[in-house]
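Shown next, in structure tokens, is the structure this report addresses.
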Amino acid sequence: MVRTSQPDADHVLIEFRDNGSGIAPQHLPRIFDPFFTTKPVGSGTGLGLSLSWGIVRDHGGRIDVESQVGEGTTFRIVLPVQRLAGEAKPDVA
């Protein structure tokens with residue numbers, strides 16, 4: 001499920017929820033670490049969540065995660081509606 005909302009005048013929320021296997025509690029603190037993966041060697045690079053976190057952070061936002069093993073995971077991305085004063089605009093290619 002994907003859901004969007006504007007919880008207040010200053011932020012937008014994008015929520016991604018699945019009903020998959022969930023993330024083990026011991027892995028949650030590391031899921032945004034570059035190259036962290038629980039997949040076998042050669043099956044994943046462990047960069048997806050790290051890159052996503054960096055992009056959201058660069059836009060002044062945050063990512064929150066809740067997960068229950070056997071029930072699924074929810075990622076919530078909270079972004080500011082406007083950039084903070086003095087922040088540089090990202091380069092657009």
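A quick note: this is a predicted structure, and the numbers were derived from the prediction, not measured.
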Under a 4.5 Å side-chain heavy-atom rule over Ile, Leu, Val, Met, Phe, Trp and Tyr, are [X] and [Y] clustered together?
{"X": "L47", "Y": "V65", "value": "no"}
{"X": "F36", "Y": "L51", "value": "no"}
{"X": "I55", "Y": "V2", "value": "no"}
{"X": "W53", "Y": "L49", "value": "yes"}

How close do [X] and [Y] get, counting heavy atoms only, and between which atoms?
{"X": "D64", "Y": "R62", "value": "OD2-NE, 3.1 Å"}
{"X": "P34", "Y": "S50", "value": "CG-OG, 3.5 Å"}
{"X": "V69", "Y": "P25", "value": "CG2-CD, 4.0 Å"}
{"X": "Q26", "Y": "P29", "value": "O-CD, 3.7 Å"}

Please round to the nearest 0.5 Å and tell me the distance separating atom [atom1] of [X] and atom [atom2] of [Y].
{"X": "E71", "Y": "N19", "atom1": "CD", "atom2": "CG", "value": "10.5 Å"}
{"X": "L13", "Y": "L79", "atom1": "CG", "atom2": "CG", "value": "9.0 Å"}
{"X": "T74", "Y": "Q68", "atom1": "OG1", "atom2": "CD", "value": "10.5 Å"}
{"X": "I77", "Y": "I63", "atom1": "CD1", "atom2": "CD1", "value": "5.0 Å"}

- Excluding sequence neighbours, so at least two apart, what forms side-chain contact (heavy atoms from CB on, under 4.5 Å) with D8?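 If we apply the side-chain contact (heavy atoms from CB on, under 4.5 Å) test to D8, skipping adjacent residues, the hits are D10, H11.
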
- Query: Are F16 and T73 close enough that some pair of their side-chain heavy atoms sits under 4.5 Å apart?
  - Reply: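 Sidechains of T73 and F16: no contact.
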
- Item | T37 and T45: CA distance, side-chain angles, deciding distance, side-chain contact (heavy atoms from CB on, under 4.5 Å) verdict | CA-CA 7 Å; T37 182; T45 61; over 6 Å; no

- Task: Look at the aromatic rings of F32 and F75 and report parallel, tilted or perpendicular, splitting at 30° and 60°.
- Result: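 Plane angle over 60°, so perpendicular.
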
